[in-house]
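Atoms within a ligand are numbered from 1 in the order they appear, just like the ligands themselves.
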Amino acid sequence: MRIIRSPKIMSEALRRLRSKGKTIGFVPTMGALHEGHLSLIRRARKDTDIVVVSIFVNPRQFGPKEDFRHYPRPMRKDILLCRKERVDFIFHPSGTDIYPAGYRTFITVEGLDKVLCGKSRPGHFRGVATVVAKLFNIVAADIAYFGQKDAQQVIIIQRMVKDLNIPVKIKVMPIVRDKDGLALSSRNTYLSRQERQDALVIPKSLDLARAMIESGIKQADRVASLMRYQIKKNKTAKPDYIAIVDQKDLRPLDGSRIKKGALIALAIRIGNTRLIDNYIVR
Ligand code: PAF
């Protein structure tokens with residue numbers, strides 16, 4: 001396994017392999033790897049000849065009051081995990097490798113970036129779309145892998161790839177959960193033992209939504225308000241949003257019936273930690 005910092009060297013190494021007919025699978029991450037990331041890496045290992053994992057905590061997707069400085073960076077552990085999963089390359093650029101002095105170009109996926117998480121995290125998806133487009137240009141992968149937990153991120157990246165004719169296939173892998181149902185996230189490490197327990201209200205509220213829909217309660221407003229009621233019973237959980245939207249354009253389904261394919265998404269603050277989760281209606 002090679003660890004490469006320079007975008008130029010990364011591109012050249014992969015260009016050589018591509019010219020020999022090798023296919024490239026790419027897993028973009030911010031490190032602090034957990035089973036969710038490993039499921040993407042394992043899938044890439046199965047699908048493609050060469051697996052590239054990028055580890056870059058992208059400053060441009062954090063707001064001024066967010067956790068960029070404190071975001072976990074367990075690089076040694078991440079390297080060991082990648083080695084164990086037989087990753088071929090870790091691409092680990094520095095901030096100035098990605099945003100050299102004078103950097104001025106950003107990508108906005110209009111409309112999709114200002115709703116749900118975009119409302120309370122202005123500029124977040126502009127940062128995500130920009131760095132992902134840059135990484136796609138550097139790696140030029142055949143397939144890139146993303147987790148369904150970041151549902152809005154996935155929708156925005158799929159839109160961007162289509163709109164900008166970026167020649168990469170996007171594969172979305174299911175949410176990986178702990179045994180008790182909490183979706184894995186690098187930010188779960190911020191939770192105290194009590195908060196970890198309180199956070200279970202998040203998957204439970206999605207289970208409640210699923211049960212309501214399966215029992216025939218399909219009015220979006222009604223399902224969302226019962227989820228809100230259940231979450232608010234837990235004193236440490238503060239909803240940022242609970243939304244039932246059309247998966248294609250993130251348009252709210254308020255007042256309509258929930259149909260197959262609708263996305264139920266939520267962001268909840270547990271103490272100082274903001275967690276997201278979602279469920280797609282089957
Ligand atoms: O999902 C993430 O870890 C990040 O948003 C990504 C896609 C690596 C871009 O920085």
Heavy-atom contacts with [X] under 4.0 Å: which atoms of ligand 1 show up? List them by number with element.
X    : result
V131 : 9 (C), 10 (O)
T29  : 8 (C)
Q61  : 4 (C), 5 (O), 9 (C), 10 (O)

Worksheet entry | Within-cut-off N or O pair, Q153 and ligand 1, under 3.5 Å | yes
Worksheet item: What residue among L253, L263, V115 forms side-chain contact (heavy atoms from CB on, under 4.5 Å) with V245?
Response: L263
Worksheet entry | From CD1 (I24) to CD1 (I50), nearest 0.5 Å | 7.0 Å
Fill in: Proximity winner for atom 3 (O) of ligand 1, if only heavy atoms of H124, M30, K149, K134 are counted
M30
Practice prompt. Compare all side-chain heavy atoms of L266 with those of I276 and state whether any distance is below 4.5 angstrom.
Written response: no
Discussion item. Angle between ring planes, F106 versus Y99, binned at 30° and 60°: parallel, tilted or perpendicular?
Written reply: parallel
Discussion item. If the threshold is 4.0 Å, N to carboxylate O, is there a salt bridge linking D277 and R177?
Written reply: yes
Discussion item. Under 4.0 Å, heavy-atom basis, I'd like to know which part of I157 is in contact with ligand 1: side chain, backbone, both or neither.
Written reply: neither
